[in-house]
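These notes concern the structure reproduced below.
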Amino acid sequence: MRTSKRPIKSATTGKKLVDDLKPFGKLIQTTYRQDSLLSKSQLAKFSQTSRVMLGAIQNKVDTKLVQRPLDMTAITYHHDRRLMQLMVMLPSGERYRVYEFVEKLNQLLLGEITEEIFYQYQQPKIFEKNSPKNIGDKTKRANQTLKQRLRQLTESKLQLTQQYQQLKVALAQKEMVLREQMLLNQELTQKLQILCETNATYQFKIKKQQQEMGVIRE
């Protein structure tokens, strides 16, 4: 998460954003990176927060977009997994990358472009253009992500294997202790049984002697 105190700037031209767009620009910087995707909960939270922030500048946008008004609270977001990008979808159907949307909206509020240029830029066919270099870069990043994930899984497998071997040894040791304890218990049980039989024999002999002594006294 980015926590820089530097002025919020456009990701495409580096131009400083107007005050009205700074909260939205900060939201993008703190929750989204161009080489990763948001989770469902993050995307839902991002969408909800952005509607509030962009809804606050609805009146200023209305003064710039007169012929084709844009409802800022009706904007939706989704991921283009092929491009690994967060896309903005307008109510009229145009879609474009979130950073490019901020850049054009910033230019519109600054008065640098007209309504006609703003909507011309938003035609879907422009965003379908993708150079081999961009495709190669995205493929390279995807491969790097997969390799990193594979390394993490390999390390996890090694750790789990080590834990399994340690538990296996500990279990074998405990089983050995239990077997020894069981043998000892069996030995003690046998000795106790012999003592009980010996005690019963002595009790019988004592009783018999007492009877004989009684007969002699009589």
Side-chain angles (χ1 to χ4, degrees), residues 1-6 11 23-53 76-89 97-99 134-218:
M1 181 177 292
R2 301 178 58 180
T3 56
S4 174
K5 298 299 182 181
R6 292 176 298 177
F24 185 52
K26 183 65 175 178
L27 174 66
I28 295 173
Q29 287 183 346
T30 55
T31 59
Y32 172 68
R33 299 199 319 270
Q34 293 191 61
D35 59 349
S36 63
L37 301 179
L38 300 177
S39 65
K40 289 184 179 180
S41 59
Q42 289 175 327
L43 183 59
K45 183 177 180 181
F46 178 86
S47 300
Q48 183 179 7
T49 306
S50 69
R51 290 190 187 100
V52 175
M53 292 180 175
T76 58
Y77 303 88
H78 70 280
H79 287 125
D80 188 324
R81 298 186 180 277
R82 181 176 60 86
L83 301 178
M84 294 293 287
Q85 291 287 332
L86 179 63
M87 308 299 292
V88 178
M89 179 75 76
R97 298 175 179 87
V98 65
Y99 284 113
N134 290 337
I135 295 176
D137 291 342
K138 289 179 175 61
T139 302
K140 183 178 179 180
R141 287 197 298 269
N143 288 336
Q144 290 175 347
T145 301
L146 290 175
K147 289 180 180 179
Q148 182 179 3
R149 181 58 178 164
L150 180 60
R151 286 195 298 269
Q152 292 174 348
L153 291 174
T154 303
E155 293 175 357
S156 298
K157 180 183 178 181
L158 290 175
Q159 292 177 356
L160 290 174
T161 301
Q162 292 176 353
Q163 292 176 4
Y164 170 76
Q165 294 297 337
Q166 292 172 355
L167 291 173
K168 186 177 180 180
V169 172
L171 179 61
Q173 293 175 347
K174 179 157 290 190
E175 287 178 346
M176 183 181 298
V177 172
L178 290 174
R179 282 197 300 269
E180 292 176 353
Q181 187 67 42
M182 184 176 64
L183 293 174
L184 180 60
N185 289 340
Q186 290 177 351
E187 183 179 352
L188 292 175
T189 301
Q190 292 175 354
K191 289 181 178 180
L192 180 60
Q193 185 177 358
I194 293 172
L195 288 174
C196 290
E197 292 175 353
T198 303
N199 181 63
T201 301
Y202 279 115
Q203 291 292 335
F204 176 77
K205 290 181 178 180
I206 291 172
K207 185 175 181 180
K208 185 177 181 180
Q209 289 178 356
Q210 287 175 346
Q211 291 175 350
E212 290 176 352
M213 289 179 66
V215 172
I216 293 171
R217 281 196 298 268
E218 291 177 357

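In this text, all values refer to a predicted model and were calculated from it rather than measured experimentally.
A donor-acceptor pair is defined here as one N or O able to donate and one able to accept, closer than 3.5 Å; no such pair exists between the side chain of N199 and the backbone of L195. Proximity of a side-chain donor or acceptor of H79 to a complementary backbone N or O of L38 within less than 3.5 Å is detected. For Q42 (side chain) and S39 (main-chain N/O), a donor-acceptor pair under 3.5 Å exists by modelled atom type.
In this structure the side chain of E175 reaches within 4.5 angstrom of the side chain of L171, judged on heavy atoms. Using a 4.5 Å cut-off on side-chain heavy atoms (C-beta onward), L27 and K45 make no contact. Residues N143 and T139 have side chains in contact (heavy-atom distance under 4.5 Å, counting atoms from C-beta outward). Side-chain contact check for I194 versus T198: some heavy-atom pair is nearer than 4.5 Å. Contact check for T76 versus V88: no side-chain heavy atoms found under the 4.5 Å cut-off. Taking 4.5 Å as the limit, some side-chain heavy atom of Q165 sits within range of a side-chain heavy atom of K168. No side-chain heavy atom of L183 sits less than 4.5 Å from a side-chain heavy atom of E187.
Between M53 atom CE and I28 atom CD1 the span is 9.5 Å, to the nearest 0.5 Å. The structure places NZ of K26 at 11.0 Å from OG1 of T31, a figure rounded to the nearest 0.5 Å. For the atom pair CG of L86 and CG of L43, the computed distance is 6.5 Å after rounding to the nearest 0.5 Å. Taking SG from C196 and NZ from K191, the interatomic distance works out to 14.0 Å, rounded to the nearest 0.5 Å. Between atom CG of residue L153 and atom CD of residue Q148 there is a gap of 11.0 Å, rounded to the nearest 0.5 Å. The structure places CD of Q209 at 7.0 Å from CD of E212, a figure rounded to the nearest 0.5 Å.
Annotation for Q186: atom CD counts as buried by contact number, over 12 foreign heavy atoms lying within 6.0 Å. Heavy atoms of other residues, nucleotides or ligands lying less than 6.0 angstrom from CE of M176 number 12 at most.
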Practice problem: Apply side-chain contact (heavy atoms from CB on, under 4.5 Å) to L150 and L146, showing your working. | Solution: CA-CA 6 Å; L150 180 60; L146 290 175; over 6 Å; no
Point to revise | Stepwise side-chain contact (heavy atoms from CB on, under 4.5 Å) check, V215 with Q211 | key: CA-CA 6 Å; V215 172; Q211 291 175 350; 5.7 Å; no
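Between F24 and Y77, the ring planes lie tilted relative to each other; the angle falls in the 30° to 60° range.
Nearest heavy-atom pair, M87 versus R97, reported as atom, atom and distance to 0.1 Å: CE-N, 3.7 Å.
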